[in-house]
Number of protein chains: 2
Amino acid sequence: MKANRRGEVVDAAERILEREGSGAVTMRRLAEELRIQAPSLYKHIAGKTEIEAALQQRALERLGAVLAGASGDLATLAAAYRRWALEHPRLYELSARHSLDRRGLAPGVEAAAAEPLLKVTGGNIAAARAIWGLAHGLVDLELANRFPPDADLDAAWAHAIRAFAIYCTPQPESDPAQARAL
Amino acid sequence: MKANRRGEVVDAAERILEREGSGAVTMRRLAEELRIQAPSLYKHIAGKTEIEAALQQRALERLGAVLAGASGDLATLAAAYRRWALEHPRLYELSARHSLDRRGLAPGVEAAAAEPLLKVTGGNIAAARAIWGLAHGLVDLELANRFPPDADLDAAWAHAIRAFAIYCTPQPESDPAQARAL
DNA sequence: ACCTGAACACCGTTCAAGT
DNA sequence: ACCTGAACACCGTTCAAGT
């Protein structure tokens, strides 16, 4: 029933990442988790970089699916983005802070993640990028604990959403879900 | 003329960071730069974490000074933020992605960096946080190469600025520069 | 096809000792 | 006050070899 050994390596890496933090994702620690010697990993995956790229890809797929399920308006979409990131903080950071390796990324994954954002802006790609930047920035600063402990972040998100909601009033399906990346 | 040895260590770390990237900032590489053995560093600084905290503090001071000099409107402020980050990408990343060690941070530094943002929103702290998130997010994604190579980021910034400019029209000095952090 | 053991060139950090 | 040498417990990765 096991797909392939490579998949199991990435699964184990994800488990360690979420349970013990990014510092614990080590080829040797990973080998221990799989009850194997570290050099054996290299028969299944090229190296640590490839493991990180695989995890980044997973994160993109899952976040994309969550956003696609968060229907309609900007507030709902933004709340879904924030919730997913806070629920998977290490995976989110891993996926957002590294440059995306577009070779070997299943085609359409990037565009699928972008689609809900494009939809909410009525196909305006500059607006979609601005909203992505806004959501990523607020999440990233929150995950990095950069706000004072008593900061009212719900208020900051509400303000941000109102600013963009006024600006990009949802045109009624002006652009029929063009598949493209942000 | 040399201030103290600790300052020289942090200077060397900054040189290596900007010239060779964050992976090169190593206690051993740092010792080599100072023509010293690695264990000697520990007589001047507690460890690598303290070096990173010192660099983060420097970045905050310098970015704060630049923002304070970028007068008045949101567009100018945003452009200054982006320009500084792109000119010091490694230092910016280091400063933005780690949680801020508020013990041992010179008092007022955090508030000083926040002040220009609070000013542009007329003292609205939720709006200031939203704008910080926006600027950080767009910069962070750009530094991580997450936009497609042909993306028009100037357009995304322009859109973002317009959204917030409409929302938070600059009240004429409603709040006289309250010193507080974001 | 899958795994091992030994090895290489690295890390951060500690500690006893030297001037 | 400032520095060194040896050491410890780690890294990622390669390679010849074994089943």
Side-chain angles (χ1 to χ4, degrees), chain A residues 1-58 90-91 93-95 97-101 103-104, chain B residues 1-58 90-91 93-95 97-101 103-104:
Chain A
M1 241 351 105
K2 293 291 167 70
N4 54 56
R5 216 79 177 85
R6 197 194 113 109
E8 292 177 53
V9 171
V10 180
D11 290 343
E14 186 182 347
R15 281 198 303 275
I16 296 171
L17 177 67
E18 297 211 329
R19 286 202 304 242
E20 305 168 39
S22 61
V25 183
T26 275
M27 296 305 272
R28 290 170 134 104
R29 175 75 189 75
L30 198 44
E32 189 194 7
E33 179 89 2
L34 294 166
R35 303 169 177 285
I36 255 176
Q37 298 302 312
S40 305
L41 292 168
Y42 292 83
K43 298 294 169 183
H44 307 109
I45 202 139
K48 208 186 177 188
T49 309
E50 193 177 315
I51 294 174
E52 287 166 351
L55 288 176
Q56 187 184 35
Q57 194 170 337
R58 279 189 185 187
R90 305 302 145 223
L91 195 56
E93 286 172 354
L94 178 65
S95 81
R97 289 175 171 179
H98 293 56
S99 85
L100 186 61
D101 182 19
R103 317 177 328 270
Chain B
M1 241 352 104
K2 292 291 165 73
N4 54 56
R5 216 78 176 85
R6 196 193 115 109
E8 292 177 53
V9 171
V10 180
D11 290 343
E14 185 182 346
R15 282 199 302 273
I16 296 170
L17 177 67
E18 298 211 327
R19 285 202 305 242
E20 305 168 40
S22 60
V25 182
T26 277
M27 296 304 273
R28 291 172 134 103
R29 172 78 189 74
L30 198 45
E32 190 194 7
E33 179 89 3
L34 294 165
R35 301 171 178 284
I36 254 176
Q37 298 301 312
S40 305
L41 292 168
Y42 292 82
K43 298 295 169 182
H44 306 108
I45 203 140
K48 208 187 178 188
T49 308
E50 193 177 315
I51 293 174
E52 287 166 351
L55 287 176
Q56 187 184 34
Q57 195 169 337
R58 278 190 186 188
R90 306 303 144 223
L91 195 56
E93 285 172 353
L94 177 64
S95 81
R97 289 175 172 178
H98 293 56
S99 84
L100 187 60
D101 183 19
R103 318 176 327 269

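So that the names make sense, note that chain A is the first sequence line, chain B the second, and so on, each numbered from 1.
- I45(B) places its CD1 atom 11 Å from the P atom of dT13(C), with the value rounded to the nearest Å.
- Between the OH atom of Y42(A) and the C1' atom of dA6(C) there is a distance of 15 Å, given to the nearest Å.
- The minimum heavy-atom distance linking L55(B) with E14(B) is given by the pair CD2-CB, 3.7 Å.
- Contact between L94(B) and E52(B) at its shortest, heavy atoms only, is CD1-CG, 4.0 Å.
- Rounding to whole angstrom units, NZ of residue K43(A) and P of dG12(D) are separated by 18 Å.
- Of the inter-residue distances, the one linking R35(A) atom CZ with S40(A) atom OG reads 14.5 Å to the nearest 0.5 angstrom.
- Contact between the side-chain N/O atoms of S40(B) and the OP1/OP2 oxygens of dT4(D) is found at a separation under 4.0 Å.
- dT4(C) atom C1' lies 15 Å from atom CG of L34(A), rounded to whole Å.
- For dC3(C), one of the phosphate oxygens OP1 or OP2 lies less than 4.0 angstrom from a side-chain nitrogen or oxygen of H44(A).
- Distance noted for atom C1' between dC8(C) and dC11(D): 12 Å (whole Å).
- In this model, the phosphate group of dG12(C) is approached by a side-chain N or O of K48(B) to a distance below 4.0 Å at OP1 or OP2.
- Map R35(B) and R29(A) each onto its nearest nucleotide of DNA chain D; the residue landing nearer the 5' end is R35(B).
- In terms of position on DNA chain C, the residue among Q37(A) and R28(A) whose nearest nucleotide sits closer to the 5' end is Q37(A).
- A salt bridge is defined here as a Lys NZ or Arg NE, NH1 or NH2 lying under 4.0 Å from an Asp or Glu carboxylate O, and R29(B) with E33(B) meets this definition.
- Annotation: side chain of T26(B) is not in contact with side chain of I16(B) (no heavy-atom distance under 4.5 Å).
- With rounding to whole Å, E32(B) atom CD is found 10 Å from dC10(C) atom P.
- One atom, CD of E50(A), and another, P of dG12(D), lie 15 Å apart when rounded to the nearest Å.
- dC11(C) atom P lies 19 Å from atom CE of M27(A), rounded to whole Å.
- Atom pair L41(A):CG and dG12(D):P shows a separation of 10 Å (rounding to whole Å applied).
- Using the Watson-Crick or G-U wobble rule with both distances under 3.5 Å, dA6(D) pairs with dT14(C).
- Using a 4.0 Å heavy-atom cutoff across all strands shown, T26(A) reaches sugar-phosphate atoms only and no base atom.
- Remark: R5(A) is in phosphate contact with dC3(C), judged by side-chain N or O atoms under 4.0 Å from OP1 or OP2.
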